[in-house]
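Hydrogens, waters and symmetry mates play no part in the numbers below; they use all other heavy atoms, side chains included. Just so we're on the same page: letters track the sequence lines, and every chain starts at 1. Because the structure is predicted, anything quoted here is derived from the model rather than measured.
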2 protein chains.
Amino acid sequence: MSKKTTIYDIAKALDITAATVSRALNNNPKISDTTRELVLQKAAEMNYEQNKLAQALKSGKSYNVGVIVPRVDSNFFGSVIRGIEEELNPQGYHVIICQSYEDPKTEGKKIDTLLNAQVDGVLVSTTSNSKKEPLKRILAKNIPLIFFDRRKDMQGVSSVVINDFEGAYKATKHLIDEGCTKIAHLSGNFSLEIFRERFSGYKQAIIDAGLPFNEDWVIKTKSNRTDGIEATKTLLQLNPRPDAIFSASDFAALGAIQEIRAQKLNIPQDISVVGFSNEPFTKFMELPISTIDQSPFEMGKMAAKVFLEQSNNESHVKMEKKVVLDPQLIIRNSSLKTQVLTP
Amino acid sequence: MSKKTTIYDIAKALDITAATVSRALNNNPKISDTTRELVLQKAAEMNYEQNKLAQALKSGKSYNVGVIVPRVDSNFFGSVIRGIEEELNPQGYHVIICQSYEDPKTEGKKIDTLLNAQVDGVLVSTTSNSKKEPLKRILAKNIPLIFFDRRKDMQGVSSVVINDFEGAYKATKHLIDEGCTKIAHLSGNFSLEIFRERFSGYKQAIIDAGLPFNEDWVIKTKSNRTDGIEATKTLLQLNPRPDAIFSASDFAALGAIQEIRAQKLNIPQDISVVGFSNEPFTKFMELPISTIDQSPFEMGKMAAKVFLEQSNNESHVKMEKKVVLDPQLIIRNSSLKTQVLTP
DNA sequence: ATTAAATTTGCAATCGATTACGCTATTACA
DNA sequence: TGTAATAGCGTAATCGATTGCAAATTTAAT
C-alpha cells in the first residue's frame with residue numbers, strides 16, 4: 001500500500017525542488033554539501049528507491065541486455081549465461097534471456113520483442129539457419145549486437161567464438177598420437193559454421209600426419225545420442241573398420257560408445273573415442289570420455305565485455321571485434337590407450 | 001541513426017493529435033474506423049514500435065518478472081526457467097534471471113535490484129538459509145511473490161513444489177518391493193525443507209513395511225559426487241552392510257555407484273541404488289540410475305501460472321496457493337534386480 | 001561599499017504514452 | 001426546426017527523473 005516515495009516527496013519534505021533532490025542524489029557538484037547531506041539523509045529515512053523506468057525513459061538506456069540462445073537447459077548455454085551475468089550485473093545491467101529453440105522464425109520474433117523492450121544490446125548464439133533481416137534490424141537501431149559460439153557472417157558485428165578448427169585438430173592429433181590411423185568423424189549440421197570448422201580441423205590433422213583421408217569415415221549426425229548410435233552402426237560395418245572416432249558432439253560420442261560396447265568391442269583398445277563440448281556427463285561416466293572444453297563461462301564473460309566496450313564507445317566509429325578462444329583438449333580414458341588411472 | 005518514430009511523429013504526419021493516435025493503436029472504441037485505419041496504416045509505414053518504457057512508466061507495469069535460482073547451469077533449474085518462459089512470454093512478459101549462488105546475502109541483493117527495476121513479480125527458489133527480510137520487502141510493495149521447488153514458510157506466499165515426501169516414499173518402497181531390507185539414505189542439507197521431507201518419506205516407507213529403522217544408515221551429504229563417495233565408504237564398512245541406497249540427490253547417487261564398483265560389488269545384485277532429480281546423466285550411464293523425476297518444466301509453467309493469477313487478481317483479497325506436483329519414479333537398472341533390458 | 005564573480009537553487013521542458021475531461025460536430029427524435 | 005444525445009477528437013495533466021538556462025544568493029575583489 002505504501003506508495004513508493006519519489007524525489008518529489010523528498011523535495012516536499014525538505015521544502016526544496018525535485019531538481020535539487022535529483023542533483024544531490026546524483027552527486028552533481030553544483031550542490032552544496034549541506035543540502036546534499038540533508039537530501040541523502042531524508043532519502044534514506046523515507047526509504048527512497050530510484051525508479052529505473054523513469055530514468056530509462058529519460059536517458060534512453062534501459063540497462064537491459066537481451067541474450068538469445070537455442071535453449072537454456074543445456075550445460076553449455078547455461079554456463080555461458082552465467083558468465084554473461086557475472087560480468088554485466090556489477091555494471092547495473094539486467095539480462096533478459098530468450099530461447100530460439102533452433103527455429104529462425106522464433107529467433108526473429110524474440111529479436112523484435114527485445115528491441116521493443118528497448119534493450120541496450122543483444123547477444124546472440126544463432127540457429128542453424130538464422131535469417132539476417134531481424135539481425136539487421138538490431139543494427140539499424142544502432143544497438144550493439146554480439147555473436148557468441150555460433151556466428152553469422154555480418155559486417156560490423158563482433159563475435160566471441162572458440163577456435164573450432166583448432167579444437168578438432170587437437171582432438172584428432174591426439175588420436176593419431178595414441179597410435180590410431182583410421183579415424184572416423186561424426187559431424188553435425190553443416191549450415192552451422194562450428195561443424196564445418198570442426199570437420200576442417202579433423203581433415204587437416206589427418207592430412208598433416210600423412211594419413212589417408214577417407215570420405216566414408218565422415219558421417220553427419222544431428223548431434224544427439226541416437227544419431228551417434230546409428231552412425232556408429234554404419235562405421236563398424238566398414239572394412240577396414242575405423243580404430244577411432246572423433247565426434248563433433250559429446251552426445252553423439254555417447255551414442256558411439258554405447259554402440260561399440262553393444263558390439264562387444266573394447267574402448268579404447270579396439271576403438272578410441274573423443275567428443276566435443278565437455279558436457280558434465282563425459283566426466284562422470286564409468287568410462288570417462290575425452291573431449292574438448294569450450295570454456296563457456298569465459299566465453300560468456302568475454303561476450304559481455306565486448307558488449308560493454310561497444311556500448312561505452314562514445315565515438316561513432318564502428319568496430320568489429322573478433323575474439324577467438326582457445327579450446328582445451330581433455331584426455332580421459334575413452335582415448336587413452338596407455339591407461340593412466342586418475343583417482 | 002534513424003530516430004525511433006513516436007506517436008507524435010505519426011500524429012504530425014496525419015495532422016491529428018498524439019492522443020488520437022494512441023487511442024487508435026489501442027483499439028479504443030471512441031475512434032472512428034476511418035481514423036483508426038489511417039493511423040494503423042501510417043504506423044506500419046513509418047515503422048512505428050511502441051516504447052515499452054514509456055508505457056511502463058505510465059502504467060506502473062514493467063512487464064518484467066524476476067526469477068531467482070541458486071544457479072542456471074543445472075538441468076533442473078534450466079528446465080524450470082524454460083517452463084516459466086514458455087508460459088510468460090506469450091503474455092508479453094520478459095523474464096529477468098538472477099542467480100543467488102546459494103548465498104542468502106547475494107539473494108537479498110538480487111531481490112533489491114529486481115525491485116528497483118520495477119519487476120511485476122518475483123519467482124524464487126530459495127537458498128538453504130534465506131533471510132526473510134528481503135522477501136518481506138517484496139510483499140511490502142504488494143508485488144506477487146511465488147516460491148518454486150524450495151519454499152520458505154511465509155504467510156500469504158504461494159508456492160509450487162513437488163511432493164518430496166511422496167517421491168522419497170515411492171523410491172524407498174520400490175527398493176523394498178525389489179527385496180531390499182537394509183536400505184541406507186544419503187540425505188542433504190536439513191535446513192532445506194526438501195531434504196527433510198525426503199528423509200521423512202524414506203523413514204515412513206521403512207516403518208510402513210515393518211522394517212527396522214537404523215540411524216546409522218542415514219548420512220548427510222552436500223549432494224555432490226565426492227560426498228556421495230565418502231558417505232558410501234562409511235556405509236560399506238557397516239555390519240550388517242546395507243543392501244540398498246536411496247540418495248536424495250542424483251550426484252551423491254553417482255558417487256555411491258562409483259564407490260560401490262570400486263569395491264568390486266555388483267549393482268543391483270549386491271546393492272541397489274536410487275537417486276533423486278532425474279538429471280540427464282542418470283539416463284545415459286552405462287548403468288542407468290533409477291531416480292525420481294520432478295517435472296521441472298511443468299513446475300516452471302505452474303509457477304508462472306500462479307503468478308499470472310495473482311497478478312490479474314483485481315480484488316485486494318490476498319490468497320495463498322499451494323501447488324504440489326506428483327513426483328514420478330523412474331526405474332532403471334541400478335535398482336532392477338529382475339533385469340529387464342531396454343534397447 | 002559596490003560591482004564582479006562564483007556558488008546554489010529553482011523553473012520548466014523533456015523522454016513517450018495514456019486518459020479524464022471537455023469541446024465540436026453529427027445524428028436522432030419529437 | 002429545435003433540442004438532446006452521441007460520436008469523434010483535442011487539451012492538458014500525469015507517470016518520475018533529468019538538465020539547460022535563469023534567478024537568487026553568497027563570496028570575492030577593488
Side-chain angles (χ1 to χ4, degrees), chain A residues 2-40 42-43 46-64 92 115-120 141-143, chain B residues 2-40 42-43 46-64 92 115-120 141-143:
Chain A
S2 64
K3 274 272 134 286
K4 296 154 195 158
T5 67
T6 72
I7 53 172
Y8 292 93
D9 300 325
I10 300 177
K12 202 170 292 170
L14 293 174
D15 201 28
I16 52 178
T17 24
T20 307
V21 175
S22 172
R23 281 188 271 250
L25 292 172
N26 288 304
N27 264 324
N28 188 310
K30 307 183 131 198
I31 289 289
S32 69
D33 290 343
T34 51
T35 313
R36 189 195 319 286
E37 270 314 309
L38 227 59
V39 170
L40 290 179
K42 201 71 181 176
M46 296 180 74
N47 239 312
Y48 171 75
E49 280 170 27
Q50 190 193 45
N51 184 325
K52 293 257 177 192
L53 290 180
Q55 195 193 21
L57 175 60
K58 188 69 174 93
S59 68
K61 273 191 91 169
S62 67
Y63 276 95
N64 277 148
L115 289 176
N116 207 229
Q118 315 290 128
V119 293
D120 295 340
K141 300 211 171 198
N142 240 295
I143 292 173
Chain B
S2 62
K3 274 270 132 287
K4 295 155 197 159
T5 67
T6 72
I7 53 172
Y8 292 94
D9 300 326
I10 300 177
K12 202 169 293 171
L14 293 174
D15 202 29
I16 53 178
T17 32
T20 306
V21 176
S22 172
R23 280 188 273 249
L25 291 172
N26 287 304
N27 265 323
N28 188 310
K30 304 184 134 200
I31 290 291
S32 71
D33 290 344
T34 51
T35 312
R36 189 195 319 285
E37 269 313 308
L38 228 60
V39 169
L40 290 179
K42 201 72 181 175
M46 297 180 73
N47 239 313
Y48 170 75
E49 280 171 25
Q50 190 192 45
N51 185 323
K52 293 260 178 189
L53 290 180
Q55 195 192 22
L57 175 61
K58 188 70 175 96
S59 68
K61 274 192 91 170
S62 68
Y63 276 95
N64 276 147
L115 289 177
N116 206 229
Q118 315 290 125
V119 291
D120 296 340
K141 300 211 170 198
N142 240 295
I143 291 172

Rounded interatomic separation in angstrom, taking NZ from A/Lys30 and P from D/dT27: 18 Å
N/O (side chain, B/Gln55) to phosphate O (OP1/OP2, C/dT18) under 4.0 Å: yes
B/Arg23, nearest nucleotide to its side chain (from D/dG10, D/dC21, C/dG16): D/dG10
5'-most by nearest nucleotide on DNA chain C - A/Thr35 or A/Tyr8: A/Thr35
Sugar-phosphate only, base, or nothing, as touched by B/Ile7 at under 4.0 Å among non-hydrogen atoms: base
Phosphate contact (D/dC15 OP1 or OP2) by B/Gln118 side-chain N/O below 4.0 Å: no
Worked check of side-chain contact (heavy atoms from CB on, under 4.5 Å) between B/Thr20 and B/Leu14: CA-CA 10 Å; B/Thr20 306; B/Leu14 293 174; over 6 Å; no
Rounded distance (Å) that lies between atom P of D/dG8 and atom CG of B/Asn27: 14 Å
Distance, rounded to the nearest Å, where B/Ile31 contributes CD1 and C/dA17 contributes P: 16 Å
Selection from C/dT9, D/dT11, D/dC15 that lies nearest to any side-chain heavy atom of B/Leu57: D/dC15
Distance below 4.0 Å between B/Thr20 side-chain N/O and D/dG10 OP1 or OP2: yes
Under-4.0 Å side-chain N/O to phosphate OP1/OP2 contact, B/Thr17 with D/dG10: yes
Taking every non-hydrogen atom, the tightest pair across A/Ile31 and A/Ala24: CG1-N, 4.1 Å
Check against side-chain contact (heavy atoms from CB on, under 4.5 Å), B/Gln118 and B/Asn64: CA-CA 8 Å; B/Gln118 315 290 125; B/Asn64 276 147; over 6 Å; no
Main-chain N/O of B/Gln50 paired to A/Asn116 side chain as donor or acceptor, under 3.5 Å: yes
Base D/dG8 paired with B/Arg36 side chain (donor-acceptor, <3.5 Å): no
Rounded distance (Å) that lies between atom P of D/dT19 and atom CG of A/Asn28: 8 Å
Sugar-phosphate, base or nothing in reach of B/Ile16, heavy atoms under 4.0 Å: sugar-phosphate
Spacing between B/Leu53 atom CG and D/dT18 atom C1', to the nearest angstrom: 15 Å
Whole-Å distance separating the CG atom of A/Asp9 from the C1' atom of D/dA17: 13 Å
Separation of C/dG16 C1' from B/Lys12 NZ (nearest whole Å): 13 Å
Phosphate-side-chain proximity, A/Ser32 and C/dT8, N/O vs OP1/OP2 below 4.0 Å: no
Sugar-phosphate, base or nothing in reach of B/Leu25, heavy atoms under 4.0 Å: nothing
Donor-acceptor contact below 3.5 Å, side chain B/Asp120 vs main chain B/Ser62: yes
Sugar-phosphate, base or nothing in reach of A/Asn26, heavy atoms under 4.0 Å: sugar-phosphate
Atom-pair distance (CG on A/Asn51; C1' on D/dG16), nearest Å: 6 Å
Test item: B/Asn26 side-chain N/O and B/Asn28 main-chain N/O as donor-acceptor pair under 3.5 Å: no
